[in-house]
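So the structure is just underneath, and the comments pick up after that.
If you're wondering where the values come from, they're calculated on a predicted model, not measured in any experiment. Numbering starts at 1 and runs along the sequence shown.
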Amino acid sequence: MFCLVCLIALTGDNAAKNALRTRAVQIATEPSSYDYIGAQELLIVNDEVGLIELSKIYGKKLLCDPDDFVPDNLLYLIEEKENRYIQILREQSKLDHAIMAYLKYLEKKGYVTIKC
């Protein structure tokens, strides 16, 4: 479903873009082992805004429960943007505790080194 809505959103359809965002954020927010569903499509359509939004959601989960499991592949879903996404999270982590929590989680997993 997300793939089809993503394709429609990429044609400029704002209703599809909003629907994709709403559902991806809803799934990411709910406690579930499937909270990654829709993340890649959200990044494709909303790029940096989607990255920041998902990182805040996952970081808030970690602030509530540091032992929670949240998706750790967010930076690698769009491979060609990986370095840019890491830099964005480093910059945003200075302003947002939830993003810092998510960045520290990624560092603990060995996916990124924090150089703030």
To the nearest 0.5 Å, tell me how far [X] [atom1] sits from [Y] [atom2].
X: Q92; Y: K94; atom1: CD; atom2: NZ; value: 10.5 Å
X: I88; Y: L103; atom1: CD1; atom2: CG; value: 12.0 Å
X: I57; Y: I52; atom1: CD1; atom2: CD1; value: 12.5 Å
X: T22; Y: I27; atom1: OG1; atom2: CD1; value: 11.0 Å
X: K56; Y: T29; atom1: NZ; atom2: OG1; value: 12.5 Å
X: S55; Y: L89; atom1: OG; atom2: CG; value: 4.0 Å

Carboxylate-amine/guanidinium proximity below 4.0 Å for E48 and K81 =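 Answer for the salt bridge query: no.
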Hphob cluster co-occupancy, [X] + [Y], side-chain heavy atoms under 4.5 angstrom:
X: I99; Y: V25; answer: yes
X: F69; Y: Y36; answer: yes
X: L43; Y: L7; answer: no
X: L10; Y: F2; answer: yes
X: L95; Y: I86; answer: no

Shortest non-hydrogen contact from [X] toward [Y]:
X: A24; Y: G38; value: CB-O, 3.7 Å
X: A16; Y: I8; value: CB-CG2, 3.6 Å
X: L74; Y: A39; value: CD1-CB, 4.2 Å

Is any side-chain heavy atom of R21 less than 4.5 Å from a side-chain heavy atom of V45?
->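 Counting from C-beta outward, R21 and V45 never come under 4.5 Å.
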Any donor-acceptor N/O pair, [X] side chain to [Y] backbone, under 3.5 Å:
X: N46; Y: V49; result: no
X: N18; Y: N14; result: yes
X: S93; Y: R90; result: yes
X: Y58; Y: D35; result: yes

Under the side chain to side chain donor-acceptor pair (under 3.5 Å) criterion, do Y102 and D72 qualify, and how do the steps go?
-> CA-CA 9 Å; Y102 184 61; D72 54 17; over 6 Å; no
Under the side-chain contact (heavy atoms from CB on, under 4.5 Å) criterion, do K104 and K108 qualify, and how do the steps go?
-> CA-CA 6 Å; K104 285 181 179 179; K108 187 170 89 174; over 6 Å; no
Could you give me the CA-CA distance, side-chain angles and deciding distance for R23 and Q26, then say whether side chain to side chain donor-acceptor pair (under 3.5 Å) is met?
-> CA-CA 5 Å; R23 186 64 178 130; Q26 179 186 19; 2.8 Å; yes
Crowded around K60 NZ? As in, over 12 foreign heavy atoms under 6.0 Å?
->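 Incorrect, the count does not exceed 12.
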